[in-house]
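First listed ligand is number 1; within each ligand, the first listed atom is number 1.
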Amino acid sequence: MNTWVVTLGEDAVKMVAQWIRESSYTVVLTGAGVSAESGIPTFRGRDGLWNKYRPEELATPEAFNSNPKRVWEWYKWRMELIAKAQPNLAHIVLAKMQQKDTIGPIITQNVDGLHQRAGAVDVVELHGNIWRVKCISCSYASKLDSPPEEIPPRCPECGSLLRPGVVWFGEPLPEQAIRRALQEASHAKLILVVGTSLQVYPAAYLPVLTKNYGGHVVIINPTPTPLDDEADLVIRREAGEFFEKLGKELGLI
Ligand code: NAD
Ligand code: ZN
């Protein structure tokens, strides 16, 4: 299969719109890049968080055990950014596409909840959600609506530490979410892969699965990814810009 790498000619938008219309089942995989235009920093890349912070000091169970306050300060900062952010046109157009049954589920590696805030109703969260907290000792779990004031926050039931409800390095993905994602990716006739560096597994495997089952893969990302050669179409553009055009082409905005 040839890969077509294109920038953002109207042809590319029309072609994707046509593929979406023809596809009997389209799913979407998103990563941090879909929220970049909402002002939420990505992890890797030029302005990525991992240029400034070391993942092993912040996003691992070991980091949390040795310095929960430091880890919580970082999450509190991210929660504040996310609370102030607004969904951008990529989130909004994807939500409208989902409401019209143009696409199936949005499988996301993001923990920011912006797809849901834009109106998406079927979002598979592979890496959890930053607003969820759970106790490290008992079964207490809850959802915050603002960043915790006391850092690190404590369990109201047993007094142990609460931890963010996200997946850290070295931890397994939520079983139900990954099972559904694998199933959806294998059934998809088309997968739109938006704003992910495709460096974290098993998320990065999902487009491969779609392709192996005979579906098409479209990647929307301003920088190259390891799967570009396998994709049917690579659109090197920012998600907000691309989905604004696609939304107009599909008559959604
Ligand atoms: P990433 O930061 O690795 O990649 C972001 C991608 O978005 C890049 O390929 C970049 O080119 C692209 N991008 C940047 N701006 C864009 C735009 N405007 N439009 C479209 N694309 C744009 O993010 P990822 O792929 O989501 O990373 C995978 C996951 O790794 C993350 O979602 C995260 O859950 C996980 N992770 C989690 C932690 C944690 O704290 N628990 C730590 C590290 C990584
Ligand atoms: Zn508890």
_Under 4.0 Å, counting heavy atoms only: does Glu171 come that close to any atom of ligand 1?_
no
*Which one holds for Val200 and ligand 1: side chain close, backbone close, both close, or neither close, with close meaning a heavy atom under 4.0 Å?*
side chain
*Kindly check if the number of other-residue, nucleotide or ligand heavy atoms within 6.0 Å of OH (Tyr213) is above 12?*
no
*Would you list the protein N, O or S atoms within less than 2.8 Å of the Zn ion (ligand 2), leaving out water?*
Cys135 SG, Cys138 SG, Cys155 SG, Cys158 SG
*Hey, does Thr225 sit under 4.0 Å from ligand 1 if you only count heavy atoms?*
no
*asked:* What I want to know is whether Val166 and ligand 1 share at least one N or O pair that is separated by under 3.5 angstrom.
replied: no
*ligand 1 versus Val167, non-hydrogen atoms closer than 4.0 Å: side chain, backbone, both, neither?*
backbone
*Between Trp19 and Arg21, is there a cation-pi geometry (under 6.0 Å to ring centre, at most 45° from the normal)?*
no
*Partners of Arg154 by salt bridge (Lys or Arg N to Asp or Glu O under 4.0 Å), sequence neighbours excluded?*
none
*asked:* Heavy-atom contact check, 4.0 Å cutoff: does Glu37 meet ligand 1?
replied: yes
*Would you call Phe169 a ligand 1 contact, heavy-atom distance under 4.0 Å?*
yes
*Is Tyr75 in polar range of ligand 1, meaning some N or O pair under 3.5 Å apart?*
yes
*With the threshold set at 4.0 Å, does a side-chain nitrogen-carboxylate oxygen contact exist between Arg163 and Glu171?*
yes
_Closest to atom 22 (C) of ligand 1 (judged by heavy-atom distance), picking from Gly240, Pro222, Pro226_ = Pro222
*Could you name the option among Gly195, Gly31, Ala63 that has the heavy atom nearest to atom 5 (C) of ligand 1?*
Gly195
*Indicate whether the side chain of His115 and that of Thr30 have a donor and an acceptor atom separated by less than 3.5 Å.*
yes
*Using only heavy-atom distances, determine whether the side chains of Gln86 and Ser38 contain a donor-acceptor pair under 3.5 Å.*
no
*So does Lys245 pair up with Glu241, basic N to acidic O under 4.0 Å?*
no
*For ligand 1, find out whether one of its N or O atoms is nearer than 3.5 Å to an N or O atom of Thr196.*
yes
*Is Arg236 touching ligand 1 with its side chain, its backbone, both, or neither, if touching means heavy atoms under 4.0 Å apart?*
neither
_Enumerated ligand 1 atoms positioned under 4.0 Å from heavy atoms of Arg78_ = 40 (O)
*Going from NE2 on His91 to CD on Glu37, what distance comes out if it is rounded to the nearest 0.5 angstrom?*
9.5 Å
*More than 12 heavy atoms of other residues, nucleotides or ligands under 6.0 Å from CD of Glu150: is that the case?*
yes
_Ser35 side, atom OG; Ile82 side, atom CD1 - distance, nearest 0.5 Å_ = 8.0 Å
*What do we get for Ala32 next to ligand 1 when only non-hydrogen atoms under 4.0 Å count, side chain, backbone, both or neither?*
both
_Could you measure the distance from the CG atom of Asp122 to the CD1 atom of Ile106? Nearest 0.5 Å is fine._
8.0 Å
_Using heavy-atom distances only, which candidate in His127, Gln109, Glu125 approaches atom 35 (C) of ligand 1 most closely?_
His127
_Go through it in stages, so that I can follow the logic: the residues are Asp112 and Ile130, the test is side-chain contact (heavy atoms from CB on, under 4.5 Å), and I'd like the CA-CA distance, side-chain angles, deciding distance and then a yes or no._
CA-CA 6 Å; Asp112 57 33; Ile130 199 165; 5.5 Å; no
_Strictly below 4.0 Å, N to O, side chains only: are Glu184 and Arg180 in salt-bridge contact?_
yes
_Passing candidate, side-chain contact (heavy atoms from CB on, under 4.5 Å) with Ile191, options Val218, Thr210, Ile219_ = Thr210
*Below 4.0 Å from any atom of ligand 1, is there a heavy atom belonging to Tyr201?*
no
